[in-house]
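The next block holds one structure in the form of structure tokens; read it before the comments.
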Amino acid sequence: MSLKNLEEKLDDDIYIIPVLLDDVEQEQIERPVALQHIQMINGYHAEGKEQILDSIKTQFEKMKIELKHIQEEAKVFWTAKPVKRSWDGFPGYKVNFDFIEFQSNLYQDIHHIADIINGKLTEKVLSTTSCEVEQDFDSFSDFKEVETRTNLYEGHLSNIFFRDNVISIQYNFDQYGAGAMHGIQSTECYNFTLSPLTKIESISWLLKDGEVAFTGLQEIIRNKLAQYLECEDDEEWMIRGTTSYDDLSNFAFMDRHIEFKFRNYQVCCYAQGNPSISIFYEERVHLLSKHAKVQLGLEKN
């Protein structure tokens, strides 16, 4: 997944940091060809930690400059304010969400985007903190470690993308239910047209009328998922997770492509993570609706 995401990064972006854990010659380490041009850090040296931190700080500074440029170019400004709550109980909870704010002199109604997203985040907060009035001491009294009897839920702003008159906001979520074997990760995408401000509710907004366009997109996604997961294109789990419009309604509009996101267990087992599939606009522009092509700048009105 990291190598796939690396393809979308700039040459000078610090995205993957290979760390050598053992005191051996670097020439003895076999690593993917795609990583061989990236400097490896000797993690077993005392200065290894500082080198990693310096690399991360350097990239953060670069991202701040890029973010400022993106906001100024789009004439849309935003900030993310963390909201944290915690309580030790049986079970307890810890929540940490980025609530977002928008400002723009060009798009007067853009603050409503924050209203919608923050409303969804508030629902997640309240669903987690509700365990305070639903205590189950008998079930959780044997969990000696606080972490294992605590419901954890985090949601952080990941990226914001602009494609002509469309804005896509991505959030990454990490959830762990008290007493569970492992956590659940997911990405949620919120899409809007800017002028006039409208919410893009479903994949149906993107496609031409009728089942033909949906079936065409469905076939493309399944073929790409099969390649990504290295499985047959009729894998039952993958077919089941890409059947309906709702299954394909978690997507974001990038500069050159549409990226479809899939949650844990939707199209594959937990160990295979959260696949994402990219479809370039020019590949399947014939499947898109007239209004989608206009709003994305693929066709004049």
Side-chain angles (χ1 to χ4, degrees), residues 1-9 34 120 158-174 184-193 198-299:
M1 291 176 67
S2 297
L3 288 174
K4 181 179 182 299
N5 291 336
L6 183 63
E7 297 173 358
E8 301 178 3
K9 306 299 180 182
K120 292 182 179 295
S158 172
N159 278 303
I160 293 182
F161 304 99
F162 294 89
R163 168 71 200 202
D164 209 74
N165 191 46
V166 175
I167 180 174
S168 294
I169 301 106
Q170 284 189 358
Y171 268 75
N172 289 337
F173 293 95
D174 196 346
I184 297 293
Q185 295 77 41
S186 63
T187 298
E188 291 185 10
C189 304
Y190 311 102
N191 303 298
F192 302 84
T193 62
T198 64
K199 187 174 186 297
I200 300 173
E201 297 281 359
S202 166
I203 192 66
S204 59
W205 179 91
L206 185 65
L207 300 173
K208 291 180 179 179
D209 293 336
E211 289 295 318
V212 177
F214 177 75
T215 301
L217 178 66
Q218 186 183 57
E219 181 180 356
I220 296 165
I221 289 177
R222 285 175 174 174
N223 288 337
K224 294 200 173 193
L225 275 173
Q227 295 175 17
Y228 182 93
L229 299 172
E230 298 181 350
C231 67
E232 299 297 326
D233 57 11
D234 61 349
E235 172 71 31
E236 181 180 354
W237 203 334
M238 183 183 68
I239 297 296
R240 187 173 62 247
T242 56
T243 299
S244 68
Y245 278 77
D246 287 342
D247 292 333
L248 304 183
S249 286
N250 193 25
F251 55 88
F253 298 100
M254 311 294 192
D255 186 44
R256 296 186 300 148
H257 65 273
I258 306 171
E259 187 165 285
F260 289 84
K261 302 283 189 179
F262 299 91
R263 62 187 181 277
N264 281 148
Y265 293 115
Q266 181 177 350
V267 294
C268 58
C269 66
Y270 178 81
Q272 291 177 291
N274 304 76
S276 61
I277 300 300
S278 299
I279 298 180
F280 289 90
Y281 296 113
E282 61 268 21
E283 283 184 316
R284 295 293 178 256
V285 69
H286 63 282
L287 297 177
L288 305 184
S289 63
K290 169 73 174 179
H291 58 259
K293 288 188 284 189
V294 170
Q295 296 300 319
L296 292 168
L298 300 172
E299 183 177 298

After noting the C-alpha distance and the side-chain angles of W237 and Q272, does the key distance pass the side-chain contact (heavy atoms from CB on, under 4.5 Å) rule?
CA-CA 12 Å; W237 203 334; Q272 291 177 291; over 6 Å; no

Any side-chain donor near an acceptor of the partner, S249 and D246, under 3.5 Å
no

Assign the ring pair Y245 / F214 to parallel, tilted or perpendicular, where the plane angle (0 to 90°) is split at 30° and 60°.
parallel

If you measure from OG on S158 to CD on E188, what distance do you get to the nearest 0.5 Å?
12.0 Å

Residues Q295 and N165: closest non-hydrogen pair is OE1-ND2, 2.5 Å

Any E259 side-chain heavy atom under 4.5 Å of H257 side chain
yes

Between atom OG1 of T215 and atom CG of L287, what is the distance when rounded to the nearest 0.5 Å?
10.0 Å

Nearest heavy-atom approach of N191 to F251 is ND2-O, 2.8 Å

For F262, ring-ring contact (aromatic ring centres under 6.0 Å, His included) partners two or more places apart
none

Rounded at 0.5 Å granularity, tell me how far SG in C189 sits from CD1 in I200.
11.5 Å

Point-to-point distance, once rounded to the nearest 0.5 Å, from CZ of F260 to CD1 of I279:
5.0 Å

Do V285 and K293 have side chains that approach each other closer than 4.5 Å (heavy atoms only, starting at C-beta)?
yes

